[in-house]
Student: 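One structure follows; several queries about it will come next.
Reminder, nothing fancy here: chain letters follow the sequence lines and each chain counts from 1.
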Amino acid sequence: MLKRTHHCNELRTAHEGETATLAGWVNTYREHSKSLVFIDLRDRHGLTQVVFDLADSPADIVDVAQGLRREDVIAIRGLIRKRGGGANPKLDTGEIEVVATELEVLNKAETPPILPDDQEAEKMGEEVRLRNRYIDLRRPKMQRILETRSRIAQFTRAYFHQRDFLEIETPLLIKSTPEGARDFVVPSRLEAGSWYALPQSPQLFKQILMIAGCDRYIQIPKCLRDEDPRADRQAEFTQIDLEMSFIDQEDVLDTMGGFATELWKETLGVDIGEIPRMTWHEAMETYGIDRPDLRFGLEISDISDLAAKTDFKVFTGAMEKTSPMGSGVVKAFRVPGGVEKLTRKMTDGYSEWVKTFGAGGVPTTKCTGDGFESGVGRFVEPIAAELIERLGCEKGDTVFFAADTWEVATRAIGELRIRIARDLDLIDHDAWRFVWVVDFPMFELDEESNRWVALHHPFTAPKPGQEGLLETDPGKCISAGYDLVVNGSEIGGGSIRIHRPDVQQKVFDLIGLSPDEAEAKFGFLLRALKHGAPPHGGIAFGLDRLVMHIVGTDNIRDVIAFPKTQSGGDLMIDAPSAIDDAQLVELNVRSTVPAPTA
RNA sequence: GGGGCGGUAGCUCAAUUGGUUAGAGUACCGGCCUGUCACGCCGGUGGUUGCGGGUUCGAGUCCCGUCCGCCUCGCCA
């Protein structure tokens, strides 16, 4: 076999006159005649034009070259020379070509179902790309993403190793626990009737590692949650997971803020500056979401006090509602110049759309400068002056309202804010707006069960000084949890953990986990906490989402080599699939449904 | 589980109100071409219209069911 001396994006005019051997895939062929054939040879790095020219190449290989087709795998040896027909400015190697003197067809390819072409792929159905992933991944764009992902992982390891973190692997076959997402489970062969769960994250193991004296832990683990995927979410995903001992919240924020800063510098050459902070409360009130997108304005105001002065039933009725967060509210934001930019069709559409978030609609009106007209204008007339001042309205603004329980109104208007920013193209797509969201509530009340549930997870510590509220008013207790958000997307989250068994037991009590259950599910943690647990805390970044941001895609499947579809399938290997009855018998498992026909 | 969009040649798409033998580009095959680079020119092959029913003289088109893909609500401590 011809062994390559260079890759396909390496040769330049400086190599003129030298001999090179290249190997790769036939990207395109241009069969110019029986005696002149051009091949663009492709590998991971790029393209190089190879020419088979009867004047300079042996006749037998020119003959073989005529039969070359896309995606054939070949190696060639030849002389590097300046191109006879002028340079191709589109290629890095466009100044030169290799005139082949030897050709080895390493593997003829069947006619490919798809071509590894970035432009074609834009138009192509994703289904056919996933089914033929080995061809799709040959595309320059996909290769660049894989490279970037690799570089990020590499950078991550270097960054944390330099800071004295230990990389430690945690098990994949663990124990199913209540709370959290649905577990993927694995039947035990050796212990009939028992099941392992695949980890949703290494959360408890990394805490145990702190108790085990490891001090600083880092891992890039796979995590698995059996929930429906989304554009930015897969059941199987990767975290940058870490934990530190003898630290407080500031230490974690410093360490990870520094990491994000260095990572953006390293991969994008961007200085993201000091990362600001915002409390969860401020995020919810001003942006209607716990991961605010700060690339645009449209800030939200609570106008419940003004709304109470109107006779508008939509407002007053909403405020009479109650929910775990108290009485109902009316919120509003203005869209500067919205009268010009927003059509009736759009605003009608928004009213319909917010119903998916449980809101009844979106009351709307237009500012005339000193008052309001159309829509709900006449209802807000009594509070016009105050409303204009509160929102900072100017003539030509459109004002949107949400009136409902705090939860529904906040969510609906927060989503609407984002939707309008997208529709009106208010988002600066070159901006990187990072923000730490801090001071989350420890718990929220689940309306169905009327139980407290942990907002983050039940191992999150109360913020220092808040412990007493666990007894007196759990709903008011603020946690030592934090999320890192960039451009409205949560890329990481973590907390200082509970390191005292009595506090941990108290939290289990509050979320309705009986001592017996707590012992059965988390007994190992409670015991470990009793044997010398240092104060500790940590964070996990979603590697997939980091890569998405850095390479600029909104599809998580683009940054995973072998992703799954919306229904959890792998179209390339056709998983999941039926297994043999013998396997089931061995595992002591019986299916309740007919085996899928495969 | 709910809502929305989609599925026609290997790929991307077209096909009037239900109406002749389902077309085009590209890919592929054959021929021509010594400077192309999305090479070009000429000719050709290629279809279970996702699948299963139904309505009809007649279904890619209408109806029912089902499968698959994408977006989304629920879900994702």
Student: Across the strands shown, which category fits A/L47 at heavy-atom distances under 4.0 angstrom: base, sugar-phosphate, nothing?
Tutor: nothing
Student: Do the side-chain N or O atoms of A/S567 get closer than 4.0 angstrom to the phosphate oxygens (OP1, OP2) of B/rG69?
Tutor: yes
Student: For RNA chain B, determine which residues of residues 485-498 of chain A have any heavy atom closer than 4.0 angstrom to one of its atoms, and list them numerically.
Tutor: none
Student: Would you check if there is a donor-acceptor pair between the side chains of A/Q219 and A/T170 at a distance under 3.5 Å?
Tutor: yes
Student: Is there a side chain to side chain donor-acceptor pair (under 3.5 Å) between A/T13 and A/E95 once you walk through the steps?
Tutor: CA-CA 6 Å; A/T13 46; A/E95 301 266 326; 5.2 Å; no
Student: Can you see if the side chain of A/R30 gets near the phosphate of B/rU36 - specifically, an N or O under 4.0 Å from OP1 or OP2?
Tutor: no
Student: How long is the gap from CD on A/E16 to CZ on A/R81, to the nearest 0.5 Å?
Tutor: 10.5 Å
Student: Within 45° of the axis and under 6.0 Å from the centre of the six-membered ring of A/F237, does NZ or CZ of A/R225 qualify?
Tutor: no
Student: For the pair A/D232 and A/R545, find out whether any cationic side-chain nitrogen is under 4.0 Å from an anionic carboxylate oxygen.
Tutor: yes
Student: OP1 or OP2 of B/rU34 sitting under 4.0 Å from any side-chain N/O of A/R83?
Tutor: no
Student: Suppose you measure atom P in B/rU26 against the same atom in B/rC37; what distance do you get, rounded to whole Å?
Tutor: 15 Å
Student: Among residues 407-421 of chain A, which contact RNA chain B at a heavy-atom distance under 4.0 Å?
Tutor: A/R411
Student: For a quick test of reading the model: is some side-chain N or O of A/T356 closer than 4.0 Å to OP1 or OP2 of B/rU72?
Tutor: no
Student: Look through every strand shown and name the nucleotide pairing with B/rA24 as Watson-Crick or G-U wobble, where both distances are under 3.5 Å.
Tutor: B/rU12
Student: Looking at B/rU17, which nucleotide sits across from it as a Watson-Crick or G-U wobble partner, both distances under 3.5 angstrom, or is there none?
Tutor: none
Student: Can you say whether a donor on the side chain of A/R233 sits under 3.5 Å from an acceptor on the base of B/rC75, or the other way round?
Tutor: yes
Student: With rounding to the closest Å, how many angstrom separate the C1' atoms on B/rA9 and B/rG2?
Tutor: 36 Å
Student: Indicate, with a heavy-atom threshold strictly under 4.0 Å, whether A/G569 touches base, sugar-phosphate, or nothing.
Tutor: nothing
Student: May I ask you to decide whether A/K355 forms a salt bridge with A/E352, counting only side-chain N to carboxylate O separations under 4.0 Å?
Tutor: yes
Student: Once you apply a heavy-atom cut-off of 4.0 Å, does A/A55 come out as touching a base, just sugar-phosphate, or nothing?
Tutor: base
Student: Quick test of your reading of the model: are A/R30 and A/D40 salt-bridged, counting only N-O distances below 4.0 Å?
Tutor: yes
Student: Side-chain donor or acceptor of A/E120 under 3.5 Å from a matching atom on the base of B/rU26?
Tutor: no
Student: If you take atom types as modelled and just measure distance, does the side chain of A/R230 reach the base of B/rG74 with a donor-acceptor pair under 3.5 Å?
Tutor: yes
Student: What's A/E126 touching, base or sugar-phosphate or nothing? Going by heavy atoms closer than 4.0 Å.
Tutor: sugar-phosphate
Student: Which heavy atom in A/I511 sits nearest to a heavy atom in A/A454, and how many Å separate them?
Tutor: CG2-N, 4.0 Å
Student: Can A/H32 be called stacked on B/rC39 when the rule is centres closer than 5.5 Å and an angle between planes below 30°?
Tutor: yes
Student: Categorize A/S57 for me: base, sugar-phosphate, or nothing, with a 4.0 angstrom heavy-atom threshold over every strand shown.
Tutor: nothing
Student: Tell me whether A/D117 is salt-bridged to A/R42, with the criterion being a basic N under 4.0 Å from an acidic carboxylate O.
Tutor: no
Student: Using the P atom on both, measure B/rU56 against B/rC68 and round to a whole Å.
Tutor: 32 Å
Student: At under 4.0 Å, does any side-chain N or O of A/Q566 touch on OP1 or OP2 of B/rC71?
Tutor: yes
Student: Applying side chain to side chain donor-acceptor pair (under 3.5 Å) to A/T405 and A/S323, what does each step give before you reach the verdict?
Tutor: CA-CA 6 Å; A/T405 60; A/S323 73; 4.9 Å; no
Student: For B/rC29, take OP1 and OP2 only and decide whether either is under 4.0 Å from a side-chain N or O of A/R69.
Tutor: yes
Student: Using only side-chain N and O atoms of A/Y29, determine if any of them is under 4.0 Å from OP1 or OP2 of B/rC28.
Tutor: yes
Student: Write down the protein N/O and nucleotide N/O pairs, taken from nucleotides 6-10 of chain B, whose separation is under 3.5 Å; answer none if there are no such pairs.
Tutor:
| residue | atom | partner | partner atom | Å |
| --- | --- | --- | --- | --- |
| B/rG10 | O2' | A/P113 | O | 2.8 |

